[in-house]
Number of protein chains: 2
Amino acid sequence: MRDDKIRRLLRVGEAKSGMEDDPRVAALSRLVRAMGDPPPDREAPVREVIARLGDNWSPLILKILSTGAYRHTTLKRVIGEVSAEAGISQRMLTLRLRALERDGFVAREFHDTVPPRVIYSLTPLGAGLADELDRLLGWVERNSKEIERARLAFRD
Amino acid sequence: MRDDKIRRLLRVGEAKSGMEDDPRVAALSRLVRAMGDPPPDREAPVREVIARLGDNWSPLILKILSTGAYRHTTLKRVIGEVSAEAGISQRMLTLRLRALERDGFVAREFHDTVPPRVIYSLTPLGAGLADELDRLLGWVERNSKEIERARLAFRD
DNA sequence: CTGTATCCAAAATGATACTG
DNA sequence: CAGTATCATTTTGGATACAG
């Protein structure tokens, strides 16, 4: 995207005297270039991975798996005890694990016995993602007082 | 939660000879304590903030606002040009901005003129969140090759 | 211009029953 | 035990019209 297009978006007049150099133009220009062309869509890793971290169950799954390897049902049982909500449905657990496996964060070890045994664990990549999650949680934790304050002040 | 309850969840027998000390028990115990009692529900800042980062529009809004202050419609126009999708609806933009404002990440400056002028900008707290977002994006970026490889390998 | 209200479509999640 | 299929419910998002 060219800078003059950005100027039009911002309704910034052409700089004739050099006084209208809106700093947002250069900053937006950098942002657009950093995002690439075309910009990442919903299926792009950047979007998907952050969406995973933001969904209801994946963060908890990552945290639990960072303590070790688990069978499917054991994982379900642990989530049911540890979460604030009613517990995860078998369907959702499978969906989430599949998504995490698909992106290389979770390894699935299948033993074709009766009954079958399937062991889920974090890959090194998944452990890295769990670390990122921890750092993010740490930031929120450190700022939760201020967030709570903002929430209370938000009675407008 | 007591450790023997965790052992039952994991179907770990009582250690009589000291050989069954499943390392997951201690790790899970630490995890449960770190999460607090009761564990954070959907409205808790930890959950909400990460959910914000994971939704469709908030990350982009944060990125754009980190380049400066914007009026409502200008922001909408910029998002429409910068995003991969069709653009954000006025309703969603308002909802997202409200949520970000509610948690103290975005400041709303209202001028009661005709037509009204409303300027949105990041608070220092919001700038901090934008920094966290950047670090997260950086991590995904650095690992996107490996993620793509996992995706291609995931034809099972 | 900023925002709300209403209605509608699409997506996420859960419940339940079933299979190998 | 692990997983799938189906259906119901909830949540989320968009389109449109309208108000101040």
Side-chain angles (χ1 to χ4, degrees), chain A residues 9-11 41-43 47-48 50-61 69-80 83-102 106-121 154 156, chain B residues 9-11 41-43 47-48 50-61 69-80 83-102 106-121 154 156:
Chain A
L9 281 175
L10 302 185
R11 306 276 194 260
D41 61 17
R42 281 182 166 81
E43 279 78 35
R47 299 277 299 266
E48 284 262 356
I50 299 187
R52 282 289 80 68
L53 289 187
D55 74 34
N56 264 332
W57 299 111
S58 300
L60 186 53
I61 292 173
Y70 289 80
R71 297 181 65 172
H72 183 99
T73 301
T74 308
L75 192 47
K76 183 173 189 300
R77 216 161 37 222
V78 171
I79 291 173
S83 75
E85 283 92 29
I88 191 173
S89 63
Q90 189 179 19
R91 183 173 166 275
M92 282 309 299
L93 180 55
T94 299
L95 285 176
R96 290 301 160 226
L97 286 171
R98 282 286 183 285
L100 292 170
E101 186 193 358
R102 183 176 101 98
V106 160
R108 179 176 178 274
E109 181 187 333
F110 179 77
H111 301 271
D112 195 2
T113 55
V114 270
R117 288 174 56 88
V118 183
I119 315 283
Y120 292 96
S121 60
F154 187 69
D156 295 330
Chain B
L9 281 174
L10 302 185
R11 305 276 194 260
D41 59 18
R42 282 183 166 80
E43 280 77 33
R47 300 276 298 267
E48 285 263 357
I50 298 186
R52 284 288 82 68
L53 289 186
D55 74 35
N56 263 333
W57 299 112
S58 299
L60 187 53
I61 292 173
Y70 290 80
R71 298 181 64 172
H72 183 99
T73 301
T74 308
L75 192 47
K76 183 172 189 301
R77 216 161 36 222
V78 171
I79 291 172
S83 75
E85 284 90 31
I88 190 172
S89 63
Q90 191 179 16
R91 181 173 166 274
M92 283 310 299
L93 180 56
T94 299
L95 285 177
R96 290 301 160 227
L97 287 171
R98 282 286 182 286
L100 292 170
E101 187 195 357
R102 183 176 101 98
V106 160
R108 180 175 177 274
E109 182 187 332
F110 179 77
H111 301 271
D112 194 0
T113 55
V114 271
R117 288 174 57 86
V118 182
I119 316 283
Y120 291 96
S121 60
F154 187 70
D156 297 329

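Heavy-atom basis, side chains included; hydrogens, waters and symmetry copies ignored. Protein chains get the first letters and strands the later ones, always in sequence-line order, with residue 1 at the start of each.
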K.L.:
What's the CD-C1' distance between A/Glu85 and D/dT11, to the nearest Å?
P.N.:
14 Å

K.L.:
Using a 4.0 Å heavy-atom cut-off across all strands, classify B/Arg108 as base, sugar-phosphate, or nothing.
P.N.:
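Sugar-phosphate: the residue B/Arg108, judged by heavy atoms under 4.0 Å, touches backbone atoms but no base.
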
K.L.:
By nearest nucleotide on DNA chain D, pick out whichever of A/Ile119 and B/Trp57 is the more 5' one.
P.N.:
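Closest to the 5' end, via its nearest nucleotide, is A/Ile119.
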
K.L.:
Between B/Leu10 (CG) and D/dC1 (P), how many Å, whole number?
P.N.:
14 Å

K.L.:
What's the NZ-C1' distance between B/Lys76 and C/dT2, to the nearest Å?
P.N.:
12 Å

K.L.:
Roughly how many Å is it from CD1 in B/Ile88 to C1' in D/dA15, rounded to a whole number?
P.N.:
14 Å

K.L.:
Of the candidate nucleotides D/dG3, D/dC1, C/dT2, which contains the atom at the shortest distance from the side chain of B/Thr73?
P.N.:
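Nearest to the side-chain atoms of B/Thr73, counting from C-beta on, is C/dT2.
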
K.L.:
Taking the side chain of B/Arg71 as its heavy atoms from C-beta onward, which of D/dG14, C/dC1, C/dG20 lies nearest to it?
P.N.:
C/dC1

K.L.:
Quick test of your reading of the model: are A/Glu43 and A/Arg47 salt-bridged, counting only N-O distances below 4.0 Å?
P.N.:
no

K.L.:
Under the 3.5 angstrom rule, does the side chain of A/Arg77 hit a backbone N or O of B/Leu9 as a donor-acceptor pair?
P.N.:
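Yes, A/Arg77 side chain to B/Leu9 backbone: donor-acceptor pair under 3.5 Å.
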
K.L.:
Nearest whole Å is fine: how far is D/dG3 C1' from A/Asp112 CG?
P.N.:
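Atom CG in A/Asp112 sits about 13 Å away from atom C1' in D/dG3.
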
K.L.:
Hey, what do you get for OG (A/Ser58) to CZ (A/Arg96), rounding to the nearest 0.5 Å?
P.N.:
5.0 Å

K.L.:
First locate atom NE2 of A/His72, then atom OG1 of A/Thr74, and finally report the distance between them rounded to the nearest 0.5 Å.
P.N.:
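Interatomic distance, A/His72 NE2 to A/Thr74 OG1, rounded to 0.5 Å: 10.0 Å.
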
K.L.:
Please round to the nearest 0.5 Å and tell me the distance separating atom CG of B/Asp55 and atom CD1 of B/Ile61.
P.N.:
7.5 Å

K.L.:
Between C/dG20, C/dT13, D/dG3, which nucleotide gets closest to the side-chain atoms of A/Tyr120?
P.N.:
D/dG3

K.L.:
Between C1' on C/dT13 and CG on A/Leu60, what's the gap in Å once rounded to a whole number?
P.N.:
16 Å

K.L.:
Could you give the distance from OG (A/Ser121) to CG (A/Leu75), rounded to the nearest 0.5 Å?
P.N.:
11.0 Å

K.L.:
Test side-chain contact (heavy atoms from CB on, under 4.5 Å) on B/Lys76 and B/Ile79 and set out the steps.
P.N.:
CA-CA 5 Å; B/Lys76 183 172 189 301; B/Ile79 291 172; 5.9 Å; no

K.L.:
C/dG14 P sits how many Å from A/Asp55 CG, rounded?
P.N.:
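Rounded to the whole Å, the gap is 10 Å.
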
K.L.:
Under 4.0 Å from any atom of DNA chain C, heavy atoms only: list the residues of residues 89-99 of chain B that qualify, in numerical order.
P.N.:
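Under 4.0 Å from DNA chain C: B/Gln90, B/Arg91, B/Thr94, B/Arg98.
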
K.L.:
How many whole angstroms separate atom NE2 of A/His72 from atom C1' of D/dA2?
P.N.:
6 Å

